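A, B, ... follow the sequence lines: proteins, then strands. Residue 1 opens every chain. The model shown is predicted, which means the values in this text are computed figures rather than measured ones. As a basis for the values below, the full set of heavy atoms in this structure was taken, side chains included, without hydrogen atoms, waters or symmetry mates.
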2 protein chains.
Amino acid sequence: MEEGTLKSPRHPTGTAPAPAPAAARCDYGDADPFQWDTREDCEVRQILDRIGDKWSLLVIALLDVSTLRFTELRREIDGISQRMLTVTLRQLERDGLVKRTVHPVVPPRVEYQLTPMGRTLHTTINALVIWTEEHQNQIAAAREEYDRRAATTP
Amino acid sequence: MEEGTLKSPRHPTGTAPAPAPAAARCDYGDADPFQWDTREDCEVRQILDRIGDKWSLLVIALLDVSTLRFTELRREIDGISQRMLTVTLRQLERDGLVKRTVHPVVPPRVEYQLTPMGRTLHTTINALVIWTEEHQNQIAAAREEYDRRAATTP
DNA sequence: CGGAATCCGGTCGGATACTG
DNA sequence: CAGTATCCGACCGGATTCCG
């Protein structure tokens, strides 16, 4: 691999959805799977951040099963605050992964569903989840051994 | 999907690798891809956290290309602090994804390489990366539109 | 019901300094 | 060279309050 240092920013997931920061340029074009990360703060990183954050995956998984209302999601996901559910949904909506539908009735009725792109993402994510399930025992064993050795040789 | 609330903790990625917190039980056994997230803080979440953290993916991608020394990694990954490189490598080693080899010479020579399991993880991750590359334009477009509408209707 | 706004504690991670 | 230890700022996310 040629040199050309790597860089990566931290999660932009703040309180506000961020007003489009001039769209950091970043053109790939190659097919080298080992080059994707040699760029600055590309879209790849942004999606990975979404994957890695606390609630997005759960929301995506649930919405892939069925369309749900705000409160239904809140009830289904134990422990999530309404703030984080709102923030998470706004991010997913902004990325075009979730469609938000407001029904003009009282009381308000807002429904969330995955977009087609959201569904393909969930499919891809599932591969990772399956990998994890298949290797969780191996990982747990590795951790135990590591911790054991770390404890015996301080 | 039957009810049964969800829950998810936050990254345990602290300064110390954490001394094995009694290993939170969590048995799957089923093959339902929509049930993986209905558990508490399972291994799934822990791996996802590793995926989502700032540097693990970059390290894994680089080590999948070739074995590297500490300083070589540091040089290759622009912007990483030696602290975070150490922390990241320790976590990956603890999970059995990276093998650390110390050569007893002076000056010290420590080499890092992916384990077979680490390689399979990288393969799986690449699927996600490819998905992102394929959809980054669509995502960028969705964001632009979202921001545009958010700006015109405050 | 479905949020938005504010406050605030716990972490994540960078900078720096010190070892073997 | 390959770390470890400490300090500390940034920000992620929970709790709470208020609104249409």
Whether A:Glu133 side chain and A:Ile130 backbone form a donor-acceptor pair below 3.5 Å: no

Whole angstrom value for the distance that separates C1' of C:dG3 from CD of A:Glu93: 13 Å

Interatomic distance, A:Met84 CE vs C:dG2 C1' [rounded to whole Å]: 17 Å

Sidechain-backbone polar pair: A:Arg100 side chain, A:Glu93 backbone, donor-acceptor under 3.5 Å: no

Check ion pair B:Glu144-B:Arg148 (N to O, under 4.0 angstrom): no

Euclidean distance, atom CG of residue A:Leu68 to atom P of C:dG2 [Å, nearest integer]: 11 Å

Matching residue for B:Arg119 among B:Ile60, B:Leu97, B:Thr124, B:Asp64 - test: side chain to side chain contact (heavy atoms under 4.5 Å, CB included): B:Asp64

Residue B:Arg90, side-chain heavy atoms: nucleotide from C:dG2, D:dG3, C:dG3 that is nearest: D:dG3

Donor on one side chain, acceptor on other, A:Arg143 and A:Gln138, under 3.5 Å: no

Nearest-angstrom distance from the residue atom CD1 of A:Ile77 to P of D:dG13: 13 Å

Closest-nucleotide ordering on DNA chain D, the 5'-leading residue of A:Gln82 and B:Arg100: B:Arg100

Any donor-acceptor N or O pair under 3.5 Å, side chains A:Ser56, A:Asp53: yes

side-chain N/O B:Arg75 vs D:dA2 OP1/OP2, d < 4.0 Å: no

Residues touching DNA chain C, which here means a heavy atom under 4.0 Å, drawn from residues 102-114 of chain B: B:Pro108

Separation of D:dG13 C1' from A:Gln91 CD (nearest whole Å): 11 Å

Value in whole Å for how far the C1' atom of C:dA4 lies from CZ of A:Arg83: 10 Å

N/O (side chain, A:Ser81) to phosphate O (OP1/OP2, D:dA15) under 4.0 Å: no

Atom pair distance, as rounded to whole Å: CZ in B:Arg74 and P in D:dA2: 11 Å

Salt-bridge criterion met for B:Arg109 and B:Glu111 (N-O under 4.0 Å): yes

D:dA2 phosphate, OP1 or OP2, under 4.0 Å from B:Arg69 side-chain N/O: yes

Distance test, side-chain N/O of B:Thr86 to OP1/OP2 of D:dG3, below 4.0 Å: no

For atom CG of B:Leu85 and atom C1' of C:dA15, their distance in whole Å: 15 Å

